[in-house]
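Data first, discussion second: the structure below is written as structure tokens.
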Amino acid sequence: MRYDLVIFDNDGVLVDSEPLSNRLLAGYLTELGHPTSYEDSIRDYMGSAMHRVHDLVLERTGRRLPEDFDDVFHARVFAAFERELRPVPGVTDVLEKLAADGVPYCVASSGSHERIRVGHRTTGLDRWFTDERIFSSEDVGRGKSAPDLFLYAAERMGVTPGRCVVVEDSPLGVQAAVAAGMDVYGFTAMTPAERLADAGQLFNRMQELTGLLM
């Protein structure tokens, strides 16, 4: 094993949530008078914390989103998760291999702790991620593309940044991992490879990851 810690992004890497959440986000923003397509949402918000949605809408329109925006959005997302969410194909095999080999791993997500846990409970991934393996942008001052979250996760797991690899599917996440001084593998199942060009390694099927890590 080339690394002492594997840090997974959550949405789109562990759970197949990006299509669901971005469809709902685009729809809700459009309802509120900020026309947004699914493609717009993927381009502008995929992999980011909620504050980026507020910041970009304010910057572009001069209008603030409603105070209950996050609560309403998350209620819609969690309801969709209960109906439709699945683990990313192949990810349970990767987690089984890491656990069997005793390789430390964790998740570091722009999503809230509640969002991470709801997704993991729904998909059965909670068996792999105890509380000490879960890190959220809520734990640090700045979300991705800042390196803070990945550095915090590495510190809490007791591993130096240079011995970590991050598995990411968003440009913001790749930027954050590079800024943290970590290797990063870009998962291109949903994101065009050119948008993850700063990653040291690209792969399209989760089943490929175990071989890349060894």
Side-chain angles (χ1 to χ4, degrees), residues 8-88 91 106-126 129 131 134-146 148-150 152-153 167-176 187 189-192 195-196:
F8 291 94
D9 176 42
N10 189 56
D11 294 292
V13 171
L14 296 176
V15 295
D16 194 17
S17 53
E18 292 292 9
L20 293 175
S21 57
N22 281 282
R23 185 183 74 232
L24 292 168
L25 180 58
Y28 189 25
L29 288 171
T30 300
E31 280 178 35
L32 295 172
H34 305 288
T36 305
S37 69
Y38 172 77
E39 292 76 17
D40 293 337
S41 184
I42 291 288
R43 181 193 65 225
D44 293 340
Y45 304 122
M46 182 174 164
S48 67
M50 287 302 293
H51 67 77
R52 179 175 169 86
V53 182
H54 291 264
D55 292 346
L56 279 184
V57 169
L58 179 61
E59 177 185 317
R60 290 170 174 175
T61 70
R63 296 162 50 200
R64 295 187 182 277
L65 292 170
E67 289 188 5
D68 65 348
F69 179 87
D70 290 13
D71 291 338
V72 172
F73 174 64
H74 285 132
R76 295 183 183 188
V77 167
F78 295 163
F81 280 6
E82 295 289 347
R83 296 189 306 269
E84 304 175 55
L85 191 63
R86 299 290 184 272
V88 167
V91 78
C106 65
V107 57
S109 171
S110 292
S112 66
H113 277 281
E114 183 182 15
R115 178 183 173 119
I116 298 167
R117 285 172 169 80
V118 167
H120 287 189
R121 284 197 303 270
T122 302
T123 58
L125 293 184
D126 53 344
F129 290 94
D131 287 349
I134 297 176
F135 305 99
S136 161
S137 61
E138 292 180 324
D139 300 326
V140 295
R142 298 181 299 170
K144 306 168 189 178
S145 59
D148 305 37
L149 176 57
F150 290 139
Y152 176 75
V167 184
E168 264 288 353
D169 71 333
S170 77
L172 293 174
V174 170
Q175 291 173 36
F187 183 42
M190 187 171 167
T191 308
R195 298 197 67 209
L196 303 179

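Reckoned from all heavy atoms, side chains included, excluding hydrogens, waters and symmetry mates. Numbers here are sequence positions counted from 1.
- Remark: side-chain polar atoms of S112 are paired, donor with acceptor, to backbone N or O of R115 under 3.5 angstrom.
- For the atom pair CD of E39 and CG of D44, the computed distance is 11.5 Å after rounding to the nearest 0.5 Å.
- Nearest heavy-atom pair, S17 versus G12, reported as atom, atom and distance to 0.1 Å: OG-N, 3.8 Å.
- With 3.5 Å as the limit, one finds a donor-acceptor pair spanning the side chains of N22 and S41.
- Shown here are the salt bridge (charged side-chain N to carboxylate O under 4.0 Å, His left out) partners of R195, two or more places apart in sequence or in another chain: there are none.
- Considering only heavy atoms from C-beta on, V15 comes within 4.5 Å of H120 through its side chain.
- Closest heavy-atom contact between L85 and G119: CD2-CA, 3.6 Å.
- Here the side chain of T30 pairs a donor or acceptor atom with the backbone of T36 at under 3.5 angstrom.
- Considering every non-hydrogen atom in both D40 and P35, the closest pair reads OD2-O, 4.5 Å.
- The ring of F150 has its center no closer than 6.0 angstrom to the ring center of F135.
- Atom-to-atom distance recorded for R76:CZ and L25:CG is 10.5 Å, nearest 0.5 angstrom.
- Counting all heavy atoms, side chain and backbone alike, L196 lies closest to S170 at CD2-C, 3.5 Å.
- Between R23 and E18, no side-chain nitrogen of the basic residue sits less than 4.0 Å from a carboxylate oxygen of the acidic one, so the salt-bridge criterion is not met.
- Every residue was checked against the salt bridge (charged side-chain N to carboxylate O under 4.0 Å, His left out) condition with D169, not counting sequence neighbours, and none meets it.
- Residues D148 and R142 are paired through a salt bridge, judged by an N-O separation under 4.0 Å between the basic side chain and the carboxylate.
- In this pair, F81 and F78 present their aromatic rings tilted. The plane angle is within the 30 to 60° band.
- You'll find the side chain of E168 stays beyond 4.5 Å of the side chain of F187, heavy atoms only.
- Taken from CG in L58 to NE2 in H34, the straight-line distance is 9.5 Å, to the nearest 0.5 Å.
- Nearest heavy-atom pair across T191 and P171 is CG2-CD, 4.4 Å.
- Here the shortest heavy-atom pairing between P66 and H54 reads O-CE1, 4.5 Å.
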*asked:* Please determine whether side-chain contact (heavy atoms from CB on, under 4.5 Å) holds for the pair R117 and D126, giving the CA-CA distance in whole Å, both sets of side-chain angles, and the decisive distance to 0.1 Å.
replied: CA-CA 7 Å; R117 285 172 169 80; D126 53 344; over 6 Å; no
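- For the pair R52 and D55, the salt-bridge criterion is not met [side-chain N within less than 4.0 Å of a carboxylate O].
- Side-chain contact between V13 and V88: absent, with no pair of heavy atoms (C-beta onward) separated by less than 4.5 Å.
- Counting only distance, with no hydrogens or angles, the side chain of S136 and the backbone of G111 share a donor-acceptor pair below 3.5 Å.
- For the atom pair CG (D11) and CE (M46), the distance works out to 9.0 Å, reported to the nearest 0.5 Å.
- We find the CZ-CG distance between F73 and L32 to be 11.5 Å, quoted to the nearest 0.5 Å.
- Taking the side chain as every heavy atom from C-beta outward, L24 and Y28 never approach each other to under 4.5 Å.
- Looking at P87 and L14, their side chains never come closer than 4.5 Å, going by heavy atoms from C-beta outward.
- Considering CG of D70 and NE2 of H51, their distance stands at 11.0 Å, rounded to 0.5 Å.
- Between D9 and K144 there is a side-chain heavy-atom pair separated by less than 4.5 Å.
- A donor and an acceptor atom, one from each side chain of D131 and H113, are nowhere located under 3.5 Å apart.
- Residues L29 and Y45 form a side-chain contact, since some pair of their non-hydrogen atoms from C-beta on lies under 4.5 Å apart.
- Using a 4.5 Å heavy-atom threshold, the side chains of D16 and E84 count as separate.
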